[in-house]
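Structure record follows, encoded as structure tokens.
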Amino acid sequence: MGFFMGFPVVLSAMSSIDYNGKIMQDDQPLFLAANKSYRYGDGLFETMKVSHGKILLEDLHFARLFSSLELLQLRLPAFFNREKIVGAILRLCELNKASNLARVRLSFFRGNGGLLEGTDEAKYLLEVWPLEPSVHEWSINGLELGIYPDARKSCDLFSPLKTSSFLPYVQAARYARANKWNDCLVLNTWGRICDSTIANVFLVKNGQLFTPPLDEGCIDGVMRRFLKTYLADNDLVLEEKGITISDLEEADEVFLTNCIRGIRWVGRIGDEKYSYQISRQLHEAVRRLLFKE
């Protein structure tokens, strides 16, 4: 077993990828030097989870994917609709022996050339990694986080998207590793909490839940969307508000959400320690509803 961006994955010598409909081995060269995603960060990606041959939260993923493609003015090839995308994902999971539990990354980019050269038709790359069932386990120790001081994420029309321009998160992840933390929180241009390198952030204070709104620069996470609906359906109060460092220090609980792990509680940020009563209840509820081995 190994880890990919903090996730437990099954390591193999070689696996298959799908590059614009062509199945290749992942050790083969793919891109030209003129690739726009490489040159300019002109692209986006979607991370999904497959369990027993089914894409979890599929409707939410495709709603986000298609709205992101439209916002970036990327046009899918005529043959590559939702049905074809789902078929390609499940087929690659089978090839990589990952149909039971898998992490999927689907990337889109505008092709090759200069800034305005070529067309807006999207090219794609599909990757799949088998996941270990331990991805669902509750950590008794909780996560240890820090705050990345050297970048501020912008708050604009594109900030909720999972684009190829991921530099603040890359550097924050490196900073977390250097400090032996599990993850790192990223601040926005106002110095408030945006999200972590791979997850959305929630706080609990006096039984009420808080999370930054999208206009604070955080990623429009699929698990964040799912949890908002779940909380509303179960009469639990969630307030979307700007989260300051002082709010972190005064919180009773802090937890992170993403579509692979679900809910993970934070045990410590700096000198602050947190409990996990509500976090664990939500973790178990989400696991029962979605993450069935």
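In this text the structure is predicted, and so the values were computed from the model without any measurement.
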Considering all heavy atoms of both residues, which atom of [X] and which atom of [Y] are nearest to each other, and what is their separation?
X      : Y      : answer
Cys184 : Ile147 : SG-C, 3.8 Å
Gly191 : Leu187 : O-CD2, 3.9 Å
Ser159 : Lys153 : O-NZ, 2.7 Å
Trp190 : Asp215 : CZ3-O, 3.7 Å
Ala122 : Phe108 : CB-CD2, 4.0 Å
Asn96  : Pro130 : O-CG, 3.8 Å

Problem set entry | Lys97, NZ: over 12 other non-hydrogen atoms inside 6.0 angstrom | no
Exercise. Considering residues, nucleotides and ligands other than Tyr38, do more than 12 of their heavy atoms fall under 6.0 Å from its OH?
Worked result: no
Checking [X] side chain against [Y] main chain: does a donor-acceptor pair fall under 3.5 Å?
X      : Y      : answer
Arg39  : Gly113 : yes
Arg287 : His136 : yes
Asn200 : Ile219 : yes
Lys49  : Ile260 : yes
Gln28  : Gln25  : yes
Asp195 : Val201 : no
Glu253 : Ile278 : yes
Ser154 : Asp156 : no
Asn188 : Glu216 : yes
Ser134 : Glu137 : no

Nearest 0.5 angstrom please: [X] [atom1] to [Y] [atom2], how far?
X      : Y      : atom1 : atom2 : answer
Ser51  : Leu56  : OG    : CG    : 5.0 Å
Leu231 : Leu236 : CG    : CG    : 5.5 Å
Arg152 : Cys194 : CZ    : SG    : 11.0 Å
Lys162 : Tyr169 : NZ    : OH    : 9.5 Å
Met48  : Leu65  : CE    : CG    : 6.0 Å
Arg264 : Trp138 : CZ    : CH2   : 11.0 Å

On the 0 to 90° scale, with breaks at 30° and 60°, tag the [X]-[Y] ring pair as parallel, tilted or perpendicular.
X      : Y      : answer
Phe255 : Phe202 : parallel
Tyr276 : Trp265 : tilted
Tyr19  : Phe31  : perpendicular

Problem set entry | Qualifying residue, where the test is side-chain hydrogen bond (donor to acceptor under 3.5 Å, both in side chains) with Asp120 and the options are Arg110, Gln73, Arg75 | Arg110
Exercise. Are the charged groups of Glu117 and Lys36 less than 4.0 angstrom apart, N to O?
Worked result: no
Exercise. Should the pair Glu250-Lys205 be classified as a salt bridge under the 4.0 Å nitrogen-to-oxygen rule?
Worked result: no
Determine whether [X] and [Y] make a side-chain contact, defined as any pair of heavy atoms from C-beta on separated by less than 4.5 Å.
X      : Y      : result
Thr47  : Asn258 : no
Thr211 : Leu227 : no
Glu46  : Ser68  : no
Ile243 : Arg192 : no
Arg82  : Glu58  : yes
Leu289 : Tyr230 : yes
Leu282 : Leu209 : yes
Glu272 : Leu248 : no

Exercise. Out of Ile23, Leu92, Ile85, which one pairs with Leu126 under the side-chain contact (heavy atoms from CB on, under 4.5 Å) rule?
Worked result: Leu92
For this session: Output, in order, the C-alpha distance, side-chain angles, deciding distance and verdict of side chain to side chain donor-acceptor pair (under 3.5 Å) for Ser275 and Asp252.
Result: CA-CA 6 Å; Ser275 60; Asp252 302 317; over 6 Å; no
For this session: Kindly work out whether a path of hydrophobic side-chain contacts (I/L/V/M/F/W/Y, heavy atoms less than 4.5 Å apart) joins Tyr274 to Ile193.
Result: yes
Exercise. Passes side-chain contact (heavy atoms from CB on, under 4.5 Å), Leu57 versus Met223? Steps please.
Worked result: CA-CA 8 Å; Leu57 301 175; Met223 183 54 62; 3.9 Å; yes
